[in-house]
Number of protein chains: 2
Amino acid sequence: MVKKDVTSDKPERTAEKLLRVAARLFRQHGYAATSTQQLATELGLQKGSLYHHIEKKEELLYLICMDALMHIQLAVEKAIEPISDPGDRLRTLIRAHTCTALDDQDKFATALLDNRELSDENKSTIMELHDYYEGVVQEVIRACQEAGIVRRDTAPRQLTLFLLSMMNFTAFWYRPDGKLTPDDLADQFIQQFLQGAGVPLCDDAPHP
Amino acid sequence: MVKKDVTSDKPERTAEKLLRVAARLFRQHGYAATSTQQLATELGLQKGSLYHHIEKKEELLYLICMDALMHIQLAVEKAIEPISDPGDRLRTLIRAHTCTALDDQDKFATALLDNRELSDENKSTIMELHDYYEGVVQEVIRACQEAGIVRRDTAPRQLTLFLLSMMNFTAFWYRPDGKLTPDDLADQFIQQFLQGAGVPLCDDAPHP
DNA sequence: GTCTATACGCAGATAGAC
DNA sequence: GTCTATCTGCGTATAGAC
């Protein structure tokens, strides 16, 4: 359905702006509740003009989901690739995921909320990517279990879901104008995921 | 906008079924993408007939959000009310929240995903309830900090968001036909939230 | 690449018979 | 409480001028 080449940089400017604005509106009101009219108005265009840039409205949603998923997957894989220590890989993954997700919050939130409104065909494509990425996360966690730094009494898949839940929900409540930077938040996620919120029973005896 | 009395039990059966079916469809396709036609078809009615039970389509969404929030809030408050130990209150809250949310997964997921599509007026009402409930959770966590069983180096509001993120995201991926019961999941949430996924550094020295 | 004009269908909602 | 019939508007998408 989509054959845009992203090789060239400059001539695609309008298309990028379109995606950015669409992501903001979709996140705010939902995909189906956002009309091509609203979209055009925000861009200072007539609604007919949109169809010079896209084939149909759904293409916007598809591109947004694609963009968000690819972005986060590539960022995370690139970040953890040169690292071998399992614990460092996990911490790096959490930081890269958090920062990338918040860097493009509208697209990421839309991808999470509105992917159910894609056509069956597009939905499968997106779901495949999603599952692949989940597998990457799960593998990092599994390696931590093997290395003895993450508990083995819970299935890696469960732990993956817990971690992704915590990080992904952030896209819904995080306000960039608040006090916490994405990096601060990443620190908190790392601590919360690994140590939990409970006070350690025995940290009065620090190890050498 | 809504003046239904929920005092009587039996005569409201159709209305309940309507809400149940609506919640399922809304969750599946989104509120705006679900037509009154689909709704009517699933109920074996003509679309005109729906308007004997509701004033407008949005009323369904409003009632679903209301229902889900009230249900969970009442269940949690009732569960923790007789308990005084802060840690027990937190663990009880997690269990009540998890089980109640999964008991009516469609409504709960719809309330989380589609509340943005409510009219401004209805949205405020729902948000107030939501904030109130968040306050209840936060207070339980704060009490745990005061009692020294939850770390104080993270703000109670942050911890509340982490906990709710983990629990609420469940509504999106949990499958009732899987192996985990809601109770199992609650156990995992309690452990994950308090102890984290990391292996304790010193549990070779159990306390008496 | 943007405009105007328009096709076409389906959405939500109402009225009145049964 | 459900049906049929119908109103009305707005939705997505297209065509052709500039």
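Just so we're on the same page: letters track the sequence lines, and every chain starts at 1. Only heavy atoms go into these numbers, but all of them, side chains included; no hydrogens, no water, no symmetry mates.
Considering only side-chain N and O atoms, B/H52 lies nowhere under 4.0 angstrom from the phosphate OP1 or OP2 of D/dC3. Put simply, A/Y51 has no side-chain N or O that comes within less than 4.0 Å of OP1 or OP2 on D/dT14.
Minimum atom distance to the side chain of B/T36 is reached by C/dG12, of the listed D/dA13, D/dT2, C/dG12. Closest approach to the A/L45 side chain among C/dT2, C/dA11, D/dT14 is made by C/dT2 (side chain taken as heavy atoms from C-beta onward). Among C/dT2, C/dG12, D/dT2, the nucleotide with an atom closest to any side-chain atom of B/S49 is D/dT2. In the set C/dG12, C/dG1, D/dA13, D/dA13 carries the atom at the smallest distance from any side-chain atom of A/K57. Here the side chain of A/Q46 is nearest to one of C/dT4, D/dT12, C/dG12, namely C/dT4.
Atom-to-atom, CG of A/L43 to P of C/dG1 comes out at 14 Å; the value is rounded to the nearest Å. Here the C1' atom of nucleotide D/dT4 and the CG atom of B/L50 are 14 Å apart, to the nearest Å. Across the protein-nucleic acid pair, B/E55 atom CD and C/dG12 atom C1' stand 13 Å apart, rounded to whole Å. Distance, B/Q37 CD to C/dG12 P: 9 Å, rounded to whole Å. Spacing between atom CD of A/E58 and atom P of D/dT12 amounts to 13 Å, rounded to whole angstrom units. Separating the CD1 atom of B/I54 from the P atom of D/dG1 is a distance of 14 Å, rounded to the nearest angstrom.
Remark: the A/T181 side chain and the A/D184 side chain contain an N/O donor-acceptor pair separated by less than 3.5 Å.
Positionally, the nearest nucleotide of DNA chain D for A/Q38 lies more toward the 5' end than for the other of A/G48 and A/Q38.
Using a 4.0 Å cut-off between a side-chain N of Lys or Arg and a carboxylate O of Asp or Glu, A/R175 and A/D177 do not qualify as a salt bridge. A salt bridge links A/R95 with A/D187: at least one charged nitrogen is closer than 4.0 Å to a carboxylate oxygen. At a threshold of 4.0 Å, the pair A/E139-A/R142 counts as salt-bridged, since one of the basic side-chain nitrogens sits closer than that to a carboxylate oxygen.
Taking the ring axis of B/Y62 as reference, the NZ or CZ atom of B/K56 does not stay both within 45° of it and closer than 6.0 Å to the ring centre.
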